[in-house]
2 protein chains.
Amino acid sequence: MFTHKNGAIPLYIQIREFLVARISKGEWLPGDIIPSEMQLAQELDVSQGTVRKAITELVEKNVLTRRQGRGTFIANHDIRRALFHFFHISDKAGHKVLPDSKALYCRRKKATQKEISKLQLAPGSKVIRIERIRFLTDKPTILETISLPEHFFNEFGKVNDCSLPNMLYELYEQQFGITIHSANEELRAIAASEHDAALLNLEAGTPLLEIERIALTLEKTPVELRISRCNTKNHHYQNTIF
Amino acid sequence: MFTHKNGAIPLYIQIREFLVARISKGEWLPGDIIPSEMQLAQELDVSQGTVRKAITELVEKNVLTRRQGRGTFIANHDIRRALFHFFHISDKAGHKVLPDSKALYCRRKKATQKEISKLQLAPGSKVIRIERIRFLTDKPTILETISLPEHFFNEFGKVNDCSLPNMLYELYEQQFGITIHSANEELRAIAASEHDAALLNLEAGTPLLEIERIALTLEKTPVELRISRCNTKNHHYQNTIF
DNA sequence: GTCAAGCAGTCTTATATAAGACTATATAAT
DNA sequence: ATTATATAGTCTTATATAAGACTGCTTGAC
């Protein structure tokens, strides 16, 4: 089934890709245990160490989670991961505070040119567009505009009527089987519009940190465009470069 | 010399730390080759695969570089790495453009309270403080204020008289033996001061992206505080979350 | 209920083989 | 004679396999 000599693609990479394919096909769901290293090794007719090396790389990418003595599991992107991995706003002490959220708007709309290009949509596609405000220690601090391709999130309006959970990525995962694995962010300083200013309780023109995020699945398909405007008077965007 | 049973610290981690110690002691300089896996294995009386695992983790941290058939080398933090790893400003097309720099100011000064706390200095320490302006495609776009602890960069003023190279991290490495391995950044939106505005050719009050970076050595010692204020009209800060 | 043994999983280490890169030497062409 | 071109040898990292150690859960004896 798998061999090394055929084209010089290392065995462990072939196996890693084989696992990725099975995972993104939805064969296992988040939290599920996958077969043991030994079982996979037998099934694929390679040694346990080779399976191990393939799995290790997926663990490093946060696709899988290992628990010694238990097994290997599809990573569960729970609230903790969402907060620490995808939420980069900290207070002055450097602590991340879980924000509260209030949805202001939630409609199915024709995609704008920007949404079409950023989300790689077909012209004329529709998106679900959400606007919400987020509170940090009870103060309105972040405005978010979120765009979701309709074809990925079809029953959104039906299942869910603007009563959104705080952490959307959990919703995507649990309700739609879409797991966010990575994201690209662009940050800029902009001036608050009248609209922004009113909602954030500021003067128009106040500098805001704008974060434009495109969230991607394991296979790099863009599934969410999120534009956040953030009052950075008492908070900041924290990034660590390794 | 190294054993596994003594306290359950895996062999490969002991060896990794042993290598880190030798590296940060300055036993090898950037670009130098280190002994082969086989030699190290013999010297430390473990197997080649164990040395390999230790080295692998340092390669992943960009401390070492492997070249098949050649050997393993102390990572050379050349201009390319500095640009792609530590410079996050891109143009609208998402391309990183190498900036030009002009130093405006370069003096030895008493450290401010902020410098003392961010750089973990003793009270009353001195810093070398540099201010410079950076041009992206010939337009003044970024203002930087850089603070360096005097005790790490002693002969700075002497060797170098405000005629700074564009990429400072190369200078730190080559002239002072200080290699930047990681950094913490805090980003905020601020309003341009009169001073900023004049230099960047803007109106005072224009929103600027402020980046406050603390650069660290391999051993997490802070060695540079750099505050950048960036006009994000035609550029943005790019971050990828994996 | 408690505790010990067993089992099923990952984790660590060791060994063998493959593949890439340089060097020295031999050989062929000019 | 000189230069270019193979070629073999050796040193390096890269990959694959196997064996034993460790860990956490379960099950059954008491």
Side-chain angles (χ1 to χ4, degrees), chain A residues 1-20 22-23 28 30-76, chain B residues 1-20 22-23 28 30-76:
Chain A
M1 187 162 186
F2 292 100
T3 52
H4 181 36
K5 302 277 185 304
N6 67 356
I9 296 173
L11 251 184
Y12 74 94
I13 288 181
Q14 296 178 47
I15 289 165
R16 185 192 67 196
E17 292 312 310
F18 171 76
L19 288 173
V20 165
R22 286 177 77 173
I23 291 167
W28 302 297
D32 283 0
I33 192 169
I34 68 169
S36 76
E37 296 180 351
M38 215 48 194
Q39 275 177 287
L40 287 169
Q42 237 168 305
E43 178 187 337
L44 306 175
D45 195 30
V46 298
S47 84
Q48 176 261 344
T50 303
V51 172
R52 181 168 182 75
K53 187 157 184 183
I55 290 177
T56 297
E57 301 204 344
L58 296 176
V59 169
E60 281 165 1
K61 281 201 224 173
N62 285 306
V63 176
L64 298 174
T65 304
R66 279 206 266 237
R67 283 185 246 170
Q68 187 170 2
R70 301 279 316 277
T72 303
F73 303 80
I74 305 290
N76 215 320
Chain B
M1 188 161 186
F2 292 100
T3 51
H4 181 36
K5 302 278 185 304
N6 66 357
I9 296 174
L11 251 185
Y12 75 94
I13 289 181
Q14 297 178 46
I15 288 164
R16 186 191 66 195
E17 293 310 311
F18 170 75
L19 288 173
V20 165
R22 287 177 74 174
I23 292 167
W28 303 295
D32 283 0
I33 193 170
I34 69 170
S36 76
E37 295 181 351
M38 216 48 192
Q39 274 177 286
L40 286 170
Q42 235 169 307
E43 179 188 337
L44 306 176
D45 195 30
V46 299
S47 85
Q48 178 258 349
T50 303
V51 172
R52 182 169 182 73
K53 187 155 186 185
I55 290 177
T56 297
E57 301 206 342
L58 295 176
V59 169
E60 281 165 1
K61 280 201 222 171
N62 286 306
V63 176
L64 298 174
T65 304
R66 276 206 269 236
R67 283 185 248 169
Q68 187 170 5
R70 301 277 318 276
T72 302
F73 302 80
I74 304 292
N76 215 320

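Naming convention: chains lettered A, B, ... in sequence-line order (proteins, then strands); numbering from 1 in each chain. It should be emphasised that the depicted structure is a prediction, and the values quoted were computed from it without experimental measurement.
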Just how far, in rounded Å, is [atom2] of [N] from [atom1] of [X]?
| X | N | atom1 | atom2 | answer |
| --- | --- | --- | --- | --- |
| B/Asp45 | C/dA14 | CG | P | 8 Å |
| A/Lys53 | C/dT13 | NZ | P | 16 Å |
| A/Arg52 | C/dA8 | CZ | C1' | 15 Å |
| A/Ile55 | C/dG9 | CD1 | P | 12 Å |
| A/Arg16 | D/dA16 | CZ | P | 12 Å |
| B/Gln42 | C/dT15 | CD | C1' | 15 Å |
| A/Gln48 | C/dA8 | CD | P | 16 Å |

Would you jot down, in residue-number order, the residues of residues 60-70 of chain A having a non-hydrogen atom under 4.0 Å from DNA chain D?
A/Gln68, A/Gly69, A/Arg70
Find the distance between [atom1] ([X]) and [atom2] ([Y]) and round it off to the nearest 0.5 Å.
| X | Y | atom1 | atom2 | value |
| --- | --- | --- | --- | --- |
| A/Glu17 | A/Tyr12 | CD | OH | 11.0 Å |
| A/Asp32 | A/Leu64 | CG | CG | 11.5 Å |
| A/Met38 | A/Gln48 | CE | CD | 6.5 Å |
| B/Arg22 | B/Leu40 | CZ | CG | 7.0 Å |

Which atom names give the shortest non-hydrogen contact between [X] and [Y], and what distance separates them?
| X | Y | value |
| --- | --- | --- |
| A/Ser47 | A/Ala41 | C-CB, 3.7 Å |
| B/Pro30 | B/Ala75 | CB-O, 3.7 Å |
| A/Ile33 | A/Trp28 | O-CD1, 4.2 Å |

Of the residues in residues 30-40 of chain B, which ones touch DNA chain C at a heavy-atom distance under 4.0 Å?
none
Counting heavy atoms from C-beta on, name the nucleotide in C/dT12, D/dT15, C/dT13 closest to the side chain of B/Ser47.
C/dT13
Applying a 4.0 Å non-hydrogen cut-off, can you work out what A/Gly49 is touching in the nucleic acid: base, sugar-phosphate, or nothing?
base
NA contact type, B/Thr50, heavy-atom cut-off 4.0 Å: base, sugar-phosphate, or nothing?
sugar-phosphate
Counting C-beta onward and ignoring hydrogens, is there a side-chain heavy-atom pair between B/Lys53 and B/Thr50 closer than 4.5 Å?
no
Which donor-acceptor pairs under 3.5 Å do side chains of residues 54-63 of chain A form with protein atoms, sequence neighbours excluded?
unit_1: A/Thr56; atom_1: OG1; unit_2: A/Arg52; atom_2: O; d: 2.8
unit_1: A/Thr56; atom_1: OG1; unit_2: A/Arg66; atom_2: NH2; d: 2.6
unit_1: A/Glu57; atom_1: OE1; unit_2: A/Arg16; atom_2: NH1; d: 2.5

